[in-house]
Amino acid sequence: MSERSVAPMHERIPAVKEIDVLWITAGLGCDGDSISVTAATQPSIEDVLLGAIPGLPKVRLHNPVLAYETGEEFLAVFRRARAGTLGPFVLVVEGSIPNEKIKEEGYWAAFGTNPETGQPITTCEWIDDLAPRALAVVAVGTCATYGGIHAMAGNPTGAMGLPDYLGWGWKSKAGIPIVCIPGCPVQPDNFTETLLYLLHQAAGFAPMIPLDEALRPAWLFAQTVHEGCDRGGYYEQADFAAEYGSRKCIVKLGCWGPVVHCNVPKRGWMAGIGGCPNVGGICIGCTMPGFPDKFMPFMEEPPGAKMSSSAVLMYGRTVRALRNFTKSSLDKEPKWRSPRDSLTTGYEPTTYRKP
């Protein structure tokens, strides 16, 4: 066993001492994921960048929304990475990837200018050049992971997610598959926790990141919204909300929670607070590869919910009636709790007898 694996975490020497995180927001998107991660606390971006977490390499983040640098000063590190002269880096892509092959002229999305031609460098060109050189490639937000809103039926750009563009079986030079962290926008701690895992993996302190079939971190997206929802008990009792503002199950108002893989009800949104169904909003399936087309029209009862809620109706009403009966009994104190002159608990006093 190596010295690195047995020493306390704060004394371990990372296999990779410094690493850059190159974040491209030039896909089709709204920069919402960049803004969202500023709210992360477990860990926070500040903790990662300031070296507050033991065992991590020194991390430098290059995000156009959050950076101080602008223009060529900001682009310098991306140009070095494209030329193959930058050290180890993680590539983060935000926004869906347009299909540059289907237009007659111009381009759909670009980032910076090619100094030799004077023409914009398309987002696809950046991905083509940077992805093969990255230790890991991360798609953040639903647009980058599966295409999102921009990839819905009828869109003119042919937009797609990063796995569609690079291939679902694609792996980085370190053998890591594309890591997808969906959400519209991404839940902030889901991103920083995943980044933390990848940084520990790069440092040599973690095994290969476990991903599900949709390339999502398995430990974050194993459960459905319904399984972590505070309203789940109402569903079991067939107690459904008829209008917004109710604390009951909102599946009949259009919630897709029973079939959507997402941990927001458990994790909350910021500091454990919020999350769509926690604050009365229906789940529209934004962490799923089929979003948005397969979940539309929004705010209408899902077809599956009609059958499942009907099936649970008789059972739920019976259970609720029985529980109300039991609850009414348990909601009263035992009769012997009173200031009487004699013991009324039902137990006979015992007399001590000598042997």
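Note that these values count all heavy atoms, side chains included, but never hydrogens, waters or copies made by symmetry.
The two atoms that bring C283 and G257 nearest to each other are CB-N, 3.8 Å, heavy atoms only. When all heavy atoms are compared, the tightest approach of R216 to P289 is NH1-CD, 3.9 Å. Of all heavy-atom pairs between N278 and P265, the closest is ND2-O, 3.0 Å. The heavy-atom pair separating P292 from G148 by the smallest distance is CD-O, 3.4 Å. Contact detail for I19 and P57: the closest heavy-atom pair is CG2-CB, 4.2 Å. Scanning all heavy atoms of the two residues, the minimum distance from A144 to V140 falls at CB-O, 3.5 Å.
With hydrogens and angles disregarded, a donor-acceptor distance shorter than 3.5 Å links the side chain of N155 to the backbone of T157. In this structure a side-chain-to-backbone donor-acceptor pair under 3.5 Å is present from R231 to K248. A donor-acceptor pair under 3.5 Å is formed between the side chain of T145 and the backbone N or O of G141. Judged by distance alone, the side chain of Y146 and the main-chain N or O of A214 form a donor-acceptor pair under 3.5 Å. The backbone N or O of G281 lies less than 3.5 Å from no partner atom in the side chain of Y244, so there is not a single donor-acceptor pair. With hydrogens and angles ignored, the 3.5 Å screen pairs no side-chain donor or acceptor of S36 with any backbone N or O of D33. When atom types are taken as modelled, the side chain of D129 and the backbone of R82 share no donor-acceptor pair closer than 3.5 angstrom. Side-chain N or O atoms of T142 include one that pairs as donor or acceptor with a backbone N or O of G183 at under 3.5 Å. Looking only at distances, no side-chain donor or acceptor of S246 sits under 3.5 Å from a matching main-chain atom of E243. Side-chain N or O atoms of E100 include one that pairs as donor or acceptor with a backbone N or O of W108 at under 3.5 Å.
Taking 4.5 Å as the limit, every side-chain heavy atom of I127 sits out of range of all side-chain heavy atoms of V137. Contact of the H200 side chain with the L56 side chain is registered, since non-hydrogen atoms from C-beta on lie closer than 4.5 Å. A heavy-atom distance below 4.5 Å is found between the side chains of P115 and R79. You'll find the side chain of F291 stays beyond 4.5 Å of the side chain of V260, heavy atoms only. Taking the side chain as every heavy atom from C-beta outward, F111 and E125 never approach each other to under 4.5 Å. Proximity of L220 to R267: side-chain heavy atoms (C-beta onward) are separated by under 4.5 Å at one or more points. Here the side chains of V225 and P277 are in contact, with some heavy-atom distance below 4.5 Å. Put simply, the side chain of I176 reaches to within 4.5 Å of the side chain of Q201, judged on heavy atoms.
How far CD1 of I97 is from CE of M160: 8.0 Å, rounded to the nearest 0.5 Å. Note: D212 CG to W219 CH2 = 10.5 Å, rounded to the nearest 0.5 Å. Atom CG in L61 sits 6.0 Å away from atom CG in L66 (nearest 0.5 Å). The structure places CG of N263 at 8.5 Å from OG1 of T287, a figure rounded to the nearest 0.5 Å. Taken to the nearest 0.5 Å, the CG atom of D128 stands 9.5 Å off from the CG atom of L130. To the nearest 0.5 Å, atoms CG (L22) and CG (N63) are separated by 10.5 Å.
Neither I273 nor I35 shares a network with the other; the hydrophobic side chains, linked directly or stepwise wherever heavy atoms of I, L, V, M, F, W or Y lie under 4.5 Å apart, form separate groups for each. Linking Ile, Leu, Val, Met, Phe, Trp and Tyr whenever their side-chain heavy atoms come within less than 4.5 Å leaves Y234 and F240 in two separate clusters. L199 and I45 fall within a single hydrophobic cluster, where Ile, Leu, Val, Met, Phe, Trp and Tyr are joined by side-chain heavy atoms under 4.5 Å apart, directly or via other members.
Applying the 6.0 Å contact sphere to OH of Y107 captures no more than 12 heavy atoms from other residues, nucleotides or ligands. Counting heavy-atom neighbours within 6.0 Å of R247 CZ, excluding the residue itself, gives a total of 12 or less.
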side-chain contact (heavy atoms from CB on, under 4.5 Å) between K58 and K17, worked out: CA-CA 6 Å; K58 178 179 176 57; K17 295 184 179 180; over 6 Å; no
Test side-chain contact (heavy atoms from CB on, under 4.5 Å) applied to L215 and F221, step by step: CA-CA 10 Å; L215 301 178; F221 293 91; over 6 Å; no
Verdict with reasoning, I282 to W256, per side-chain contact (heavy atoms from CB on, under 4.5 Å): CA-CA 7 Å; I282 61 172; W256 286 85; over 6 Å; no
Residues D239, Y235; criterion side-chain contact (heavy atoms from CB on, under 4.5 Å); working and verdict: CA-CA 6 Å; D239 205 357; Y235 181 97; over 6 Å; no
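Using a 30° and 60° split on the angle between ring planes, W23 and F191 fall in the tilted class, from 30° to 60°.
For D31, the side-chain hydrogen bond (donor to acceptor under 3.5 Å, both in side chains) test picks out no residue, with sequence neighbours left out.
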